[in-house]
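Working notes, beginning with the structure itself.
Small disclaimer: the values here were computed from a predicted structure and weren't measured.
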Amino acid sequence: MRRADLEVKDRQDILSILNHCTVGHLALVDPQGQPYLVPMNYGWEEKDGVVHIYMHSAKEGRKQDILAKNPLVCFEADCNHELLVARNACSYSFKYESVMGWGKVRVVEDMEEKLRGLTLLMKHQTGEDFTFEPKHTAIVEVLCLDLEQLTGKRRLTK
């Protein structure tokens, strides 16, 4: 990380940032080497030291086609944005917190994990608990990004 002074090193602080953000960006690379970036709502949990990001998706489409050939991705989420005004243009800055992670995305096949992923997603987005009927879960794909690496960065003051 170039700006080591902005790095968030404490794991719990990094997870707190992940918890405050609601939209993440999933960066993929297609077989021709073209990047593809998708904003995604997500829910997450940490189990045995591994962060699992759950996202819902259509069962078909460009994202699914790319992931079938290359499941390696980068994930980024940022929040708490505020413009820091200054006297001259070059002194302006921005408050923010962000997390970045790298890992592999997999399609969740196990129905129990699929329901857990959807429950985590809805809880993260709304703060509420939901139950899901099998007919609704059957029509959506649930993706899980198992993060192998996770970093955090923040600027809260000038």
### Query
Can you name the residues that form a salt bridge (charged side-chain N to carboxylate O under 4.0 Å, His left out) with E46, not counting sequence neighbours?
R11

Joint cluster assignment, [X] & [Y], ILVMFWY side-chain distance < 4.5 Å:
X    : Y    : value
Y42  : F132 : no
V142 : V107 : no
F75  : V8   : yes
M122 : M111 : yes

Mind checking the [atom1]-[atom2] spacing from [X] to [Y]? Nearest 0.5 Å is all I need.
X    : Y   : atom1 : atom2 : answer
L121 : T22 : CG    : OG1   : 10.5 Å
I14  : S98 : CD1   : OG    : 10.0 Å
D65  : N70 : CG    : CG    : 13.0 Å

#### Entry: Under 3.5 Å: donor-acceptor pair, side chain of T119, backbone of L115
yes

### Sidechain-backbone polar pair: K104 side chain, E148 backbone, donor-acceptor under 3.5 Å
no

For a quick test of your reading: what N or O donor-acceptor pairs under 3.5 Å do the side chains of residues 32-40 make, sequence neighbours left out?
none

#### Entry: Inter- and intrachain pairs under ring pair (Phe, Tyr, Trp, His ring centres under 6.0 Å), touching residues 9-32, at least two apart
none

State, to 0.1 Å, how close [X] and [Y] come at their nearest heavy-atom pair, and which atoms those are.
X    : Y    : result
S93  : L83  : O-CD1, 3.5 Å
V105 : L26  : CG2-CD1, 4.4 Å
A77  : G24  : CB-CA, 4.1 Å
T137 : L118 : CG2-CD1, 3.6 Å
V108 : C144 : CG2-CB, 3.7 Å
L147 : L150 : CD1-CD1, 3.7 Å

Who are the side chain to side chain donor-acceptor pair (under 3.5 Å) partners of [X], not counting sequence neighbours?
X   : result
N41 : Q125
N80 : E97
D10 : none

If you look only at pairs with a residue in [range], which of them pass as a salt bridge (Lys or Arg N to Asp or Glu O under 4.0 Å), with sequence neighbours excluded?
range            : value
residues 116-135 : E45-R116, K123-D129, E133-K135
residues 15-31   : D30-R62
residues 47-58   : none

#### Entry: Flag side-chain contact, heavy atom, 4.5 Å: L143 against Q64
yes

### Message
Connecting only ILVMFWY residues whose side-chain heavy atoms lie within less than 4.5 Å of each other, what is the rest of W102's hydrophobic cluster?
### Response
M100

### Query
Do the ring planes of H81 and F94 sit parallel (below 30°), tilted (30 to 60°) or perpendicular (above 60°)?
tilted

### Task
For side chain to side chain contact (heavy atoms under 4.5 Å, CB included), just list the numbers for L15 and W44, CA-CA rounded to whole Å, side-chain angles, deciding distance to a tenth of an Å, and then say yes or no.
CA-CA 10 Å; L15 296 177; W44 69 279; 3.8 Å; yes

For residues 51-61, please give each side-chain donor-acceptor pair under 3.5 Å, one per line with the distance, not counting sequence neighbours.
{"from": "H52", "atom 1": "ND1", "to": "D146", "atom 2": "OD1", "distance (Å)": "2.5"}
{"from": "Y54", "atom 1": "OH", "to": "E113", "atom 2": "OE2", "distance (Å)": "2.7"}
{"from": "S57", "atom 1": "OG", "to": "K63", "atom 2": "NZ", "distance (Å)": "3.0"}
{"from": "K59", "atom 1": "NZ", "to": "A138", "atom 2": "O", "distance (Å)": "2.9"}

